[in-house]
Amino acid sequence: MSSPSSPVTEKSPGRAVFAFILVMVAFDFLSFGIIAPIFPDLIRSFEGGDFARASSIIGWFGLAWASMQFIFSPILGAWSDRFGRRPVILISCFGLCFDYVLMALAPSLGWLFVGRLISGITTSNVATAFAYITDVTPPEKRAKAFGLISAAFGLGFIIGPALGGLLGNGNHHLRFPFWALPRSVLPTPLRLFCSSRVLAA
């Protein structure tokens, strides 16, 4: 008697998880691209308008972000195996929001650099995202699911710089994009954090 309803209850969380993972990955890379148009001007504002110095600093910031990705991608993947996908993914989402609030309020280049380090760590959850997709997707559908995840990467990269340029133009403060992103990201993890059916550990 319970068999007709069981496929629905099994598929529902899988669809919800997959949708959340797509949104999370898109936001990870949107968060990287959204600051690209305003970051050079923001750094120049700390360096008294020195273009050469600001260019050098942007290079170091990029290296720091990529290094955190390189170091923490396998670490977060291992933690998700040990402690569950849900806590790792949700903590990284909250960490990303905290990071952007920190960079919005950063009073110096040092704090801005700390923000880029945190951003590199929190967006290292891609390995966990792929593991979660593997967990909830049948083998015959995984190639399509991984393709959609890759499309979410591209979507974040495409929308990020355009949105950053729009939000950080002359009509707004340079740090406005840092405030806009947490307001968009926070509601979804908060709802999922309270859900027992979605992203169960």
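What you are looking at is a predicted structure, and each value in this text was computed from that prediction instead of being measured.
Classification of the Phe113-Phe61 ring pair by plane angle, with boundaries at 30° and 60°, yields perpendicular. Between Phe178 and Tyr100, the ring planes lie tilted relative to each other; the angle falls in the 30° to 60° range. Taking the six-membered ring where the residue is Trp, Phe153 and Phe130 present perpendicular rings, their angle passing 60° and hence far from 30°.
Inter-residue side-chain proximity for Phe146 and Thr137 is flagged as unmet; no heavy-atom pair is nearer than 4.5 Å. At a threshold of 4.5 Å between non-hydrogen side-chain atoms, the residues Leu105 and Trp179 count as touching. A heavy-atom distance below 4.5 Å is not found between the side chains of Phe72 and Leu117.
Under the 4.5 Å side-chain contact rule for hydrophobic residues, Trp111 and Ile118 share a cluster. Tracing side-chain contacts under 4.5 Å through hydrophobic residues (I, L, V, M, F, W, Y), one never reaches Ile121 starting from Ile91; they form parts of separate clusters.
The structure places CG of Leu76 at 7.0 Å from CG of Asn125, a figure rounded to the nearest 0.5 Å. The distance from the CD1 atom of Ile89 to the CZ atom of Phe94 is 13.0 Å, given to the nearest 0.5 Å. We find the CG-CD1 distance between Leu63 and Ile58 to be 14.0 Å, quoted to the nearest 0.5 Å. How far CZ of Phe29 is from CD1 of Ile34: 15.0 Å, rounded to the nearest 0.5 Å.
Residue pairs meeting the salt bridge (charged side-chain N to carboxylate O under 4.0 Å, His left out) criterion with at least one member in residues 110-138, sequence neighbours excluded: Arg85-Asp135.
With sequence neighbours excluded, the residues satisfying side-chain contact (heavy atoms from CB on, under 4.5 Å) with Ala152 are Leu22, Val25, Ala26. The side-chain contact (heavy atoms from CB on, under 4.5 Å) search around Phe51 returns Arg44, not counting sequence neighbours.
Within a 6.0 Å radius of CZ in Arg142, more than 12 heavy atoms belonging to other residues, nucleotides or ligands are found.
In this model, no donor atom of one side chain and acceptor atom of the other lie less than 3.5 Å apart for Thr123 and Asp28.
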